[in-house]
Amino acid sequence: MPEDFNQDQLYDHARLTPQFVLADANSFFASCESVFNPSLAGRPVVVLSNNDGCVVARSPAAKRLGIANGTPWFKIREQAERDGVVARSSNYELYASLSHRMMSIMANFLPEQEVYSIDECFMLSLWDGQRTQAICADLRETVLRSVGIPVSVGVAPTKTLAKVANHWAKNHPGANGVTLWSQVLAQDGDRALASVPVADVWGVGRRLTKKLESTGILTALDLQRADPTAMRRRFSVLLERTVLELRGTPAIEREEDANGGARSQQILCSRMFSKPVVGFGTLSQALGVYAQKACSRLRRQGSLCSRVRVFCSSSPYAPGQYSAMSGQTRLEDPSDDPVVITRAARTALAGRVDPHAAYIRAGVVLENLRDAKGYQTLDGLEANRDRGLGPALDEAARRFGPFRVGIGFGGVRGKGRQDEDTGAEWAMNRRMLSPRCTTRWDEMATVHAR
DNA sequence: TCTGGGGTCCTAGGACCC
DNA sequence: TCTGGGGTCCTAGGACCC
């Protein structure tokens with residue numbers, strides 16, 4: 001709360017409509033890369049997905065070179081290197097740590113923070129426009145100064161409009177990173193929404209864009225003017241909500257903080273392999289490792305699961321036969337025990353593997369989650385609850401790093417800095433990984449004073 | 001040679017029950 | 001035995017998000 005807060009102001013502001021504030025980092029992954037490497041500032045930087053597959057983030061200079069998100073790195077690598085582009089493997093450990101710092105700072109400025117993704121959060125403001133503007137500008141300055149990450153802020157009466165405002169802040173340098181939708185409306189009126197393509201509206205993806213365009217809805221303004229009930233009948237209740245939101249009526253509820261350690265409804269761990277995998281044996285090793293990663297997330301959020309699903313597939317790009325399988329095991333008694341869950345993953349896989357297929361991707365999904373605290377079985381029926389091994393593995397991972405100890409292939413050590421992985425042939429490549437300055441003692445940043 | 005990972009919600013259809 | 005309607009639960013698949 002601001003220092004000069006007093007009761008009269010509260011009374012006054014209670015009559016104002018609460019405004020959603022969306023703070024979103026600019027080119028988050030790319031910005032993280034330059035926090036501890038200032039020589040990257042202003043240069044074209046791209047961050048690649050696992051296995052150094054495709055581009056998932058670009059610095060502003062990289063965007064100006066016309067590099068699109070999702071482009072496979074191998075397709076643009078030569079040209080990019082000629083253009084002086086710096087490529088980095090994704091360093092989620094570093095990004096998660098900087099995200100944490102950024103979120104906790106922002107939570108000091110406005111209430112009701114909802115962490116929506118690794119780089120953005122919603123908050124609420126009950127202040128008037130001028131005051132909100134000042135708070136948001138201060139928030140932005142503080143995050144930039146103390147974490148080194150530039151954020152943009154959009155303010156509006158609904159989440160969907162806050163997204164639009166945020167986009168506006170990013171694309172209009174005059175906004176200085178903060179846009180109040182009410183001010184845009186006052187200045188530009190309907191022209192503002194008319195300038196937003198319908199594809200850029202939150203909740204409208206590629207498929208929906210095509211269908212909407214074919215019915216003459218091309219801009220956010222067209223969508224706002226469409227009949228909500230008709231949109232529901234023709235498309236879905238989701239699009240109806242979007243229309244309402246564009247009209248200024250909040251229709252999207254608060255998601256229960258997925259990232260704040262709270263509940264989620266499923267936990268998924270999947271990877272592309274660095275090279276194709278054939279046969280049950282190797283596949284089962286990989287799925288065992290993923291099952292343990294997923295299980296450790298399950299314990300961290302204090303849940304039990306009662307269904308374990310596994311899946312794997314061959315490359316959809318390879319000519320010839322595409323092969324995919326999935327299988328599941330139900331647990332009679334909900335569990336968070338890594339032995340039970342790893343074994344269940346193996347059971348789900350058994351008998352379903354095409355012995356000739358070259359699988360390039362596999363994963364484990366934990367489903368039917370429930371709160372561990374609230375769940376009790378009858379005495380003598382707790383076969384699936386081992387309260388010792390899981391926590392011991394968690395502690396070993398915390399003290400000595402991931403997978404120093406594990407079940408089956410999960411305990412086999414990798415080489416060098418790939419230590420998050422098993423060192424197996426199929427483990428992912430990350431050849432251009434930056435130091436994990438904030439989470440590893442031996443990778444801390446070095447600063448020279450001259 | 002080389003194309004990410006982790007989620008959510010909605011809908012339709014089938015099985016089953018009364 | 002035959003018939004129909006309504007309800008619930010589950011699952012698979014599609015679409016979307018970052």
Side-chain angles (χ1 to χ4, degrees), chain A residues 22 24-29 46-57 68-78 80 87 89-92 95-96 99 114-122 159-160 163 166-167 198-212 232-242 251-259 262-276 290 293-294 297-298 301 306-307 309 311 313-318 324 326-328 330 358 360-369 428-432:
Chain A
L22 173 63
D24 185 326
N26 301 351
S27 314
F28 182 56
F29 294 172
V46 298
V47 177
L48 306 178
S49 61
N50 280 339
N51 279 321
D52 299 334
C54 47
V55 174
V56 292
N69 242 346
T71 314
W73 176 236
F74 75 89
K75 281 190 181 171
I76 57 164
R77 182 175 166 179
E78 278 189 22
S89 304
S90 34
N91 188 344
Y92 286 104
Y95 310 153
S99 167
E114 179 187 356
V115 177
Y116 180 72
S117 75
I118 194 166
D119 75 328
E120 64 188 296
C121 66
F122 288 103
K159 288 182 171 180
T160 304
K163 281 272 188 185
N166 189 282
H167 213 239
V198 75
D200 290 354
V201 174
W202 193 39
V204 178
R206 264 201 4 255
R207 298 297 181 101
L208 214 43
T209 299
K210 268 195 175 167
K211 290 184 196 164
L212 288 173
R232 177 186 192 136
R233 239 182 299 120
R234 182 145 184 190
F235 299 98
S236 76
V237 63
L238 297 170
L239 192 61
E240 179 191 33
R241 287 181 199 154
T242 300
I252 297 175
E253 286 185 12
R254 187 188 166 89
E255 262 181 28
E256 262 328 300
D257 232 4
N259 296 351
R263 292 263 85 68
S264 63
Q265 302 187 14
Q266 62 174 40
I267 292 174
L268 181 148
C269 179
S270 76
R271 295 280 183 282
M272 303 273 306
F273 300 132
S274 55
K275 52 183 68 169
Y290 304 160
K293 278 184 199 271
R297 268 190 256 155
L298 183 74
Q301 70 164 37
S306 57
R307 191 165 57 198
R309 177 186 299 282
F311 61 86
S313 58
S314 64
S315 170
Y317 305 102
S326 96
Q328 61 181 44
R330 281 165 188 284
I360 53 118
R361 172 193 175 84
V364 173
V365 196
L366 307 184
E367 299 173 324
N368 287 4
L369 307 191
M428 64 184 176
N429 294 321
R430 290 191 296 176
R431 297 203 176 85
M432 298 166 279

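Reminder, nothing fancy here: chain letters follow the sequence lines and each chain counts from 1.
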Worksheet entry | Test applied, side-chain contact (heavy atoms from CB on, under 4.5 Å); reference residue, A/Asn50; option that passes from A/Ser90, A/Ser89, A/Ser274 | A/Ser90

Practice prompt. Tell me, please, which residues at least two apart from A/Asn166 pass side chain to side chain donor-acceptor pair (under 3.5 Å).
Written response: A/Lys170

Discussion item. Once side chain to side chain donor-acceptor pair (under 3.5 Å) is applied, do any residues pair with A/Thr242, and if so which ones, sequence neighbours excluded?
Written reply: none

Fill in: Partners meeting side chain to side chain donor-acceptor pair (under 3.5 Å) with A/Gln266 (sequence neighbours left out)
none

Fill in: Is_stacked (A/Tyr317, B/dT3) at 5.5 Å, 30 deg
yes

Discussion item. Distance check, P atoms only: C/dC18 and B/dC2, in whole angstrom units.
Written reply: 30 Å

Fill in: Spacing between A/Glu114 atom CD and C/dC17 atom P, to the nearest angstrom
16 Å

Practice prompt. Tell me, please, which residues at least two apart from A/Ser99 pass side-chain contact (heavy atoms from CB on, under 4.5 Å).
Written response: A/Phe28, A/Met103, A/Ile118

Worksheet entry | Under the ring pair (Phe, Tyr, Trp, His ring centres under 6.0 Å) test, residues paired with A/Phe122 that sit two or more places apart | A/Tyr116, A/Trp202

Worksheet item: Any idea which of B/dG4, B/dG6, C/dC17 is nearest the A/Cys269 side chain?
Response: B/dG6

Fill in: Under the salt bridge (charged side-chain N to carboxylate O under 4.0 Å, His left out) test, residues paired with A/Arg77 that sit two or more places apart
A/Glu81

Discussion item. What residues from residues 200-207 of chain A pass a heavy-atom cutoff of under 4.0 Å to DNA chain C?
Written reply: A/Val201, A/Trp202, A/Gly203, A/Val204, A/Gly205, A/Arg206, A/Arg207

Worksheet item: What residues, two or more places apart in sequence or in another chain, satisfy salt bridge (charged side-chain N to carboxylate O under 4.0 Å, His left out) together with A/Arg361?
Response: none

Item to complete: May I ask you to verify if any side-chain N or O of A/Arg307 is less than 4.0 angstrom from the OP1 or OP2 atom of C/dC10?
Response: no

Response to the item:
Out of C/dC18, B/dG4, B/dC9, minimum distance to the side chain of A/Glu120 belongs to C/dC18

Worksheet item: Start at the 5' end of DNA chain B and walk down; is the nucleotide closest to A/Ser274 or to A/Ile267 reached first?
Response: A/Ser274

Nucleotide N/O to protein N/O under 3.5 Å, stretch nucleotides 11-14 of chain B:
none

Item to complete: Find the distance A/Lys163:NZ to C/dC18:C1' and express it as a whole number of Å.
Response: 7 Å

Worksheet item: If you check the A/Ser117 side chain, which of B/dT3, C/dC18, B/dG6 turns out closest?
Response: C/dC18

Worksheet item: Nearest to the side chain of A/Met272, which nucleotide is it out of B/dG4, C/dC17, B/dC9?
Response: B/dG4

Discussion item. What's A/Asp119 touching, base or sugar-phosphate or nothing? Going by heavy atoms closer than 4.0 Å.
Written reply: sugar-phosphate

Worksheet, complete the sentence: Atom CG of A/Leu239 and atom P of B/dC10 are separated, to the nearest Å, by 13 Å

Item to complete: For A/Gln266 and B/dG5, give me the distance from atom CD to atom P, rounded to whole Å.
Response: 16 Å

Worksheet entry | Sequence-distant partners of A/Arg232, side chain to side chain donor-acceptor pair (under 3.5 Å), two or more places apart | A/Glu240

Worksheet item: Which nucleotide in the list B/dG5, B/dC2, C/dC18 gets nearest to the side chain of A/Ser270?
Response: B/dG5

Worksheet item: Taking atom C1' of B/dG4 as reference, at what distance in whole Å does atom CZ of A/Phe311 sit?
Response: 12 Å

Worksheet, complete the sentence: DNA chain C in dot-bracket form (Watson-Crick or G-U pairs under 3.5 Å, [ ] crossing, | inter-strand) is ....||||||||||||||

Fill in: For A/Arg241, salt bridge (charged side-chain N to carboxylate O under 4.0 Å, His left out) partners two or more places apart
none

Worksheet entry | Integer-rounded Å distance: C/dC18 P and A/His167 NE2 | 10 Å

Discussion item. Quick check for you: to the nearest 0.5 Å, what is the distance between A/Met272 atom CE and A/Ser49 atom OG?
Written reply: 8.5 Å

Discussion item. From CG of A/Asn50 over to P of B/dG4, roughly how many Å is that when rounded to an integer?
Written reply: 9 Å

Worksheet item: Is any side-chain nitrogen or oxygen of A/Arg297 closer than 4.0 Å to OP1 or OP2 of B/dG7?
Response: yes

Worksheet item: Is a side-chain donor or acceptor of A/Asn51 paired with a backbone partner of A/Asn429 at a separation under 3.5 angstrom?
Response: yes

Item to complete: Let me know the distance between CZ of A/Arg241 and P of C/dA15, rounded to the nearest Å.
Response: 18 Å

Discussion item. Whether the side chain of A/Arg297 engages the backbone of A/Leu268 through a donor-acceptor N/O pair (distance < 3.5 Å, no angle test) should be reported.
Written reply: yes

Practice prompt. Pick the P atom in B/dT3 and in C/dC17, then give their distance to the nearest Å.
Written response: 25 Å

